[in-house]
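Throughout, residue positions are numbered sequentially from 1 according to the sequence presented. Since we're looking at a predicted model, the values are computed, not measured. All ligand and atom numbering here is 1-based and tracks the order in the structure.
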Amino acid sequence: MYFTDKPIEDEEDFYDREQELRLLKEYSLKYSLTLVLGFRRTGKTSLIKVGLKGLKTIYIDMRKFEDKTAITYSNFLRELEKEINRKRGKWRNLMDYLKALKGVKIGELGIEFSLGRERTNLGDILDSLNEWAYSEGERLVLIIDEVQELIKMRGYNLLPVFAYSYDNLRNISFVFAGSKIGMVYRYLKTDEEDSPLFGRFVAKVELKPFNEDQGVDFLNKGFKQYGIEISEDRLREVTRRLGGIPGWLALYGLESVNSRRDALNEVVEKAFRLVSKEFCSFVRERGSRRYVELIKGLKLTGRWSELKRYLEIKEGNRITDAEITKLLTNLVYAGFVEKFNDEYRIVDPILRDNVDKIVC
Ligand SMILES: Nc1ncnc2c1ncn2[C@@H]1O[C@H](COP(=O)(O)OP(=O)(O)OP(=O)(O)O)[C@@H](O)[C@H]1O
Ligand SMILES: [Mg+2]
């Protein structure tokens, strides 16, 4: 069934994305580092789950740290530990490779990495995982979803370990996914000469929202699975209102099927509550109310100079060029706004159409 409210795991429930699926699988077996990029709710997590099914994978989700101001090395290691323990039953003799490492205990509940003075070294863990994968004649794909959250890690830098693995461990590859695309690059710094990952080749799979025809086809086929038929005109209108964003379309399908009527208005309301919560959490994290005014200004104009004037009028003060650029860049990096032909615009039509209602 196409309509669900969770990331999809099975190919039969996943609409289209054939090329992206093929590329992701090919890249993750061929290259050391692949990025899966796309705005929120475009289907990145689903693409990874469906596309890499059947391969040896470890999946770490950093989304739960989104609202935190800082992440520690221990947080990351605990997540890795949890995932390894989840695979323990299936992956014979993996523990044999890990148990010799410094600070590793194997108890009834599985493996435990030490976080104290003798803390387990991530490079050593990756070495052992690599050796294990080699012995299995397989490649282990280490997936980190919402990887940009790692930028908040304090007291430890994972990039040198990733670079070490990239250069030396032939049986491990990384797949990093992120919805805050600018932040992903800001974190990985592949373009900065003094960064550990500088100059490494990075494969990319990008997920765009569905175009109008795809959106209509997705909804049409999804409703047909429930024996429901809706006119093409209506599906076109819905796809347009929801910007072709797969997550919103699936939600519309699901709510309509469950309530047995067209649920567009409820879905728009629910979606708006969700995006405005996400936006306000960004505003809180950044600590500046200016983002709230600026996003409202974006409904009126997409031009840098007019946005500057708009904010100055709102505040009754002059604002520096650098400040405006910084605010807009941060909105772009966080995935709320995109820059197209030198104009800025709000990505998600749900946010765009309802921006006046935002109160953070
Ligand atoms: N190709 C698809 N076919 C069917 N449903 C899809 C497809 N792509 C996405 N969805 C639906 O959209 C929703 C969002 O998908 P998913 O969580 O994979 O996206 P995401 O890009 O990881 O989102 P986020 O940025 O919030 O992490 C899910 O409910 C999923 O079922
Ligand atoms: Mg996701």
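Regarding atom 13 (C) of ligand 1, its nearest protein heavy-atom neighbour is Gly247 CA, 3.5 Å. Looking only at heavy atoms of the protein, atom 1 (N) of ligand 1 is closest to Tyr15 O, 2.9 Å. Closest protein heavy atom to atom 5 (N) of ligand 1: Ile8 CD1, 3.1 Å. With respect to atom 20 (P) of ligand 1, the closest heavy atom belonging to the protein is Lys44 N, 3.4 Å. With hydrogens left out, the protein atom closest to atom 17 (O) of ligand 1 is Pro7 CG, 3.8 Å, a heavy atom. Protein heavy atom nearest atom 30 (C) of ligand 1, with residue, atom name and distance: Lys6 O, 3.5 Å. Counting protein heavy atoms only, atom 23 (O) of ligand 1 is closest to Arg41 N, 3.1 Å. Among protein heavy atoms, the minimum distance from atom 7 (C) of ligand 1 is reached at Phe14 CE1, 3.7 Å.
More than 12 heavy-atom neighbours from other residues, nucleotides or ligands sit within 6.0 angstrom of CD on Glu138. More than 12 heavy-atom neighbours from other residues, nucleotides or ligands sit within 6.0 angstrom of NZ on Lys56. Heavy-atom neighbours of Arg236 CZ from other residues, nucleotides or ligands within 6.0 Å: above the threshold of 12. Residue Phe340 qualifies as open at atom CZ: its count of foreign heavy atoms under 6.0 Å is 12 or below.
The distance from ligand 1 to the heavy atoms of Glu146 drops below 4.0 Å at these ligand atoms: 25 (O), 27 (O). For ligand 1, the atoms lying closer than 4.0 Å to a non-hydrogen atom of Arg63 are 24 (P), 25 (O), 26 (O), 27 (O).
Here Asp16 has no heavy atoms under 4.0 Å from ligand 1, in either its backbone or its side chain. Residue contacts with ligand 1 for Asp5 involve N, CA, C or O but no side-chain atom from C-beta outward (heavy atoms, distance under 4.0 Å). Residue contacts with ligand 1 for Tyr2 involve N, CA, C or O but no side-chain atom from C-beta outward (heavy atoms, distance under 4.0 Å).
Salt bridge Glu79/Lys64: present, at least one basic N to carboxylate O contact under 4.0 Å. Salt-bridge formation is detected for the pair Arg78/Glu81: a Lys NZ or Arg NE/NH1/NH2 atom is positioned less than 4.0 Å from an Asp or Glu carboxylate oxygen.
Across Pro246, Gly38, Gly335, heavy-atom proximity to atom 10 (N) of ligand 1 is greatest for Pro246. Between the choices Glu20, Arg40, Glu18, the shortest heavy-atom distance to atom 26 (O) of ligand 1 belongs to Arg40. Evaluated by nearest non-hydrogen atom to atom 22 (O) of ligand 1, the leading choice among Leu37, Leu249, Thr45 is Thr45.
The one candidate from Asn93, Ile111, Asp124, Thr120 that meets the side chain to side chain contact (heavy atoms under 4.5 Å, CB included) condition with Leu98 is Ile111.
Within the structure, ligand 1 has Thr4 among the residues with a heavy atom less than 4.0 angstrom away. Under the 4.0 angstrom criterion for non-hydrogen atoms, Leu47 is not in contact with ligand 1. Under the 4.0 angstrom criterion for non-hydrogen atoms, Phe218 is in contact with ligand 1.
For Phe176 and Phe162, the distance between ring centers is under 6.0 angstrom. Ring pair Phe210/Tyr15: centre-to-centre distance below 6.0 Å. Between Phe218 and Phe3, the distance separating the two ring centers is shorter than 6.0 angstrom.
Geometrically, Lys180 does not engage Tyr333 in a cation-pi contact, judged by NZ or CZ lying under 6.0 Å from the ring centre and within 45° of the ring axis.
Residue Arg17 places no N or O, backbone or side chain, under 3.5 Å from any N or O of ligand 1.
Looking at Asp262 and Ser256, their side chains never bring a donor and an acceptor atom within 3.5 Å of each other.
The closest donor-acceptor contact from the side chain of Tyr166 to the backbone of Phe201 lies under 3.5 Å.
Because the distance cut-off is set at 2.8 Å, Ser46 fails to qualify as a neighbour of the Mg ion (ligand 2), as none of its N, O or S atoms comes that close.
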